[in-house]
Asker: 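Have a look at this one before I ask anything.
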Amino acid sequence: MKFSDIPGHNSIKERMRRMVLEDHLPHAILLEGPAGIGKLALARAFAQYIQCENRDPDGDACGVCRSCRLHQSMNHVDTHYSYPVVKLDNMNSAPSSEDFYSEWSEFVGGTVYSDIAAWTATFSKRNAKPVIYVAESEQLIRKLAFTSHVSRYKIVIMWLPERLHETAANKLLKMIEEPFEDTVFILVSNSPAEILPTIYSRVQRLAMKRLPDQTVAENLMARGGLQPADAMAIAHNASGNMIAALNLLGNDKETKTFFDTFVSLMRLAYMRDIRKLREWADDLASRGREVEMAYYDYSTRMVRENFVLNFNRPALTYLSTTEQAFASKFARFITVRNVEKLIEVFTDAKRDIAGNGNGKIVNLDVAIKTILLLKQ
């Protein structure tokens, strides 16, 4: 992985280059920021730049030296990966990253954007929460006790240190406080507030920001052949999270279903067709809680976008071409008198569904309230 493989984050890349070229590498660095922006890939590119034998002072790792080739195959002997794993039913003791390294290599190999949900889905035990167990810290201590083999620095890339088991976190703290010679820890976090405070206070933090909508949209157009308006709509809805944007791109069928469900609700509510609204509520409930909650997120967005459309400022709206066609006639029903109340109705519905509320009752309540609010 090279810097040039990762869109954006130019200021962070430049800071990384200066650390290496000025020989001021901290012993522990934390890349923190929202999910889906390429932090893990940037950590990998940083490690490759550090260990490259012919790096460009103004640019990137060479990509062809022995060290770079080892990085590209995920086999550099002086770079160690640490990441959350799951204790499977056939395991007698707590696992470590080594137990899942072949899966990990395949998971992150050529990927810029890594997602904990996708990583969790690779395990046969789907309901377990991946954790960095104490066995991980013990293995790291053994590995780092040896001198480096082919590079000046030994590097540990730890993904999601917020998932460290408490005992493992305390052992990591000791390694950071009393580092082995020529060892660099690169931690990658989506939720830095959840990291053990004593660890957080001892790392040099590099805060990474969300990706600009334009960057996400350009990536989507390159991958999926989308029209600019549709790509920008997805990018805006993903809030700079490339993983979320790719999920939205891959879930066109689900988005179409949500759109149809939203249109159906609004038309039936306008007609005050209680019988069909009851059927609407039952049908939505039959899809499961996760789908219901995702639908209410979608509905909240649609209400907001339709309200903004009333200001005749197309540049401020992020609707797909299909959504735009519907909104051109529907937006006038979303006004200052009902926009906040509709959003509150959908937000409360999502909360109630998440709290194990009866979906049929919650959805029918939404339908009845929508009837009243559309007439305001």
Side-chain angles (χ1 to χ4, degrees), residues 34-36 209-217 220 226-249 251-252 254-270 277 280-281 284 287 290-354 362-363 365-376:
K209 299 179 180 179
R210 55 157 285 178
L211 293 169
D213 288 350
Q214 186 62 41
T215 299
V216 176
L220 291 175
L226 291 179
Q227 294 298 316
D230 291 345
M232 280 299 293
I234 291 176
H236 176 74
N237 297 333
S239 300
N241 184 329
M242 194 64 212
I243 295 170
L246 292 172
N247 287 339
L248 288 171
L249 180 63
N251 289 337
D252 285 340
E254 182 179 82
T255 302
K256 175 65 165 58
T257 300
F258 285 166
F259 171 74
D260 291 340
T261 304
F262 180 82
V263 171
S264 179
L265 170 62
M266 294 304 159
R267 286 177 174 165
L268 293 174
Y270 182 77
L277 282 171
W280 175 92
L284 179 57
R287 303 181 205 172
E290 294 299 326
V291 173
E292 287 177 281
M293 290 189 291
Y295 166 72
Y296 283 121
D297 280 337
Y298 176 84
S299 295
T300 298
R301 179 181 72 83
M302 284 293 286
V303 168
R304 287 174 176 156
E305 297 294 341
N306 276 268
F307 178 68
V308 172
L309 196 63
N310 289 314
F311 294 99
N312 296 317
R313 297 287 298 276
L316 298 178
T317 58
Y318 297 89
L319 296 167
S320 69
T321 51
T322 302
E323 293 167 343
Q324 181 74 40
F326 170 73
S328 64
K329 297 179 181 179
F330 173 72
R332 62 191 177 91
F333 293 100
I334 307 299
T335 69
V336 292
R337 294 186 298 276
N338 63 16
V339 60
E340 291 184 355
K341 294 177 182 177
L342 279 167
I343 289 173
E344 183 180 355
V345 167
F346 294 138
T347 302
D348 289 349
K350 179 184 176 182
R351 180 201 62 207
D352 293 341
I353 294 294
V362 172
N363 298 337
D365 182 62
V366 167
I368 292 171
K369 288 177 178 177
T370 302
I371 289 175
L372 301 174
L373 290 171
L374 283 184
K375 297 298 182 179
Q376 290 188 6

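Computed over heavy atoms, backbone and side chain alike; hydrogens, waters and symmetry mates excluded. All figures in this text were calculated on a predicted structure; none of them were measured in a lab.
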Asker: With rounding to the nearest 0.5 angstrom, report the CG to NZ distance, Leu342 to Lys369.
Answerer: 11.0 Å
Asker: About how many Å separate CG of Leu374 and OG1 of Thr335, when rounded to the nearest 0.5 Å?
Answerer: 9.5 Å
Asker: Over 60° means perpendicular and under 30° means parallel, so tell me whether Phe326 and Phe330 are parallel, tilted or perpendicular.
Answerer: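 Plane angle under 30°, so parallel.
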Asker: Would you indicate whether the side-chain heavy atoms of Thr257 and Arg287 approach each other to under 4.5 Å?
Answerer: yes
Asker: Could Asp297 and Arg301 be called an ion pair, given the rule that one side-chain N must be under 4.0 Å from one carboxylate O?
Answerer: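 Salt bridge flag = no for Arg301 with Asp297.
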Asker: Any idea which heavy atoms bring Thr215 and Leu211 closest together, and the distance?
Answerer: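 Closest heavy-atom pair between Thr215 and Leu211: CG2-CD2, 4.5 Å.
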Asker: Measure from the side-chain N and O atoms of Asp352 to the backbone N and O of Asn363, and report whether any donor-acceptor pair falls under 3.5 Å.
Answerer: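 Checking the backbone N and O of Asn363 against the side chain of Asp352, no donor-acceptor pair under 3.5 Å is found.
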Asker: Can you label the angle between the Trp280 ring and the Tyr295 ring as parallel, tilted or perpendicular, going by 30° and 60°?
Answerer: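 Aromatic pair Trp280/Tyr295 classed perpendicular.
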Asker: Which atom pair, heavy atoms only, marks the closest approach of Leu309 to Ala327?
Answerer: CD2-CB, 3.6 Å
Asker: Could you tell me whether the side chain of Val366 reaches within less than 4.5 Å of the side chain of Tyr296, counting heavy atoms only?
Answerer: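 Yes, their side chains come closer than 4.5 Å.
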Asker: To check you understand the geometry: which heavy-atom pair defines the closest contact between Arg210 and Gly240, and what is its length?
Answerer: NH2-N, 3.3 Å
Asker: I want to check something: taking the side chain as every heavy atom from C-beta on, are Leu277 and Ile371 in contact at a cut-off of under 4.5 Å?
Answerer: yes
Asker: Check for a donor-acceptor pair, side chain of Ser264 on one end and backbone N or O of Asp260 on the other, with a separation under 3.5 Å.
Answerer: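 Checked: no pair found.
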Asker: Assess whether side chain to side chain contact (heavy atoms under 4.5 Å, CB included) is satisfied between Phe346 and Tyr298, documenting all intermediate values.
Answerer: CA-CA 9 Å; Phe346 294 138; Tyr298 176 84; over 6 Å; no
Asker: Of all the heavy-atom pairs spanning Ala231 and Leu220, show the shortest one and how long it is.
Answerer: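 For Ala231 versus Leu220, the nearest heavy atoms are O-CD1, 3.8 Å.
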Asker: With rounding to the nearest 0.5 Å, note down the distance linking CG in Leu284 to OG1 in Thr261.
Answerer: 6.5 Å
Asker: Identify the two heavy atoms, one from Ala269 and one from Ala367, that lie closest to each other, and give their separation to 0.1 Å.
Answerer: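 Distance-wise, the nearest heavy atoms are CB-O, 4.4 Å.
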Asker: Roughly how far apart are Glu344 CD and Asn338 CG, rounded to 0.5 Å?
Answerer: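 Result: 12.5 Å between the selected atoms.
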Asker: Is it the case that Lys375 places NZ or CZ above or below the six-membered ring of Tyr270, under 6.0 angstrom from the centre and within 45 degrees of the axis?
Answerer: yes
Asker: Measure the spacing between CE of Met302 and CD1 of Ile343 and express it to the nearest 0.5 Å.
Answerer: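 It is 12.5 Å, given to the nearest 0.5 Å.
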Asker: What closest approach, in Å, do Val216 and Ala245 show between heavy atoms, and which atom pair accounts for it?
Answerer: CG1-CB, 3.6 Å
Asker: Taking the side chain as C-beta and beyond, is there a heavy-atom pair between Asn306 and Met266 under 4.5 Å?
Answerer: no
Asker: To the nearest 0.5 Å, what is the distance between CD (Glu340) and OG1 (Thr347)?
Answerer: 11.0 Å
Asker: Look only at the side chain of Asn310 and the backbone of Ala331, and say whether a donor-acceptor pair between them is shorter than 3.5 Å.
Answerer: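 Yes; judged by distance alone, with no hydrogens or angles, the pair exists.
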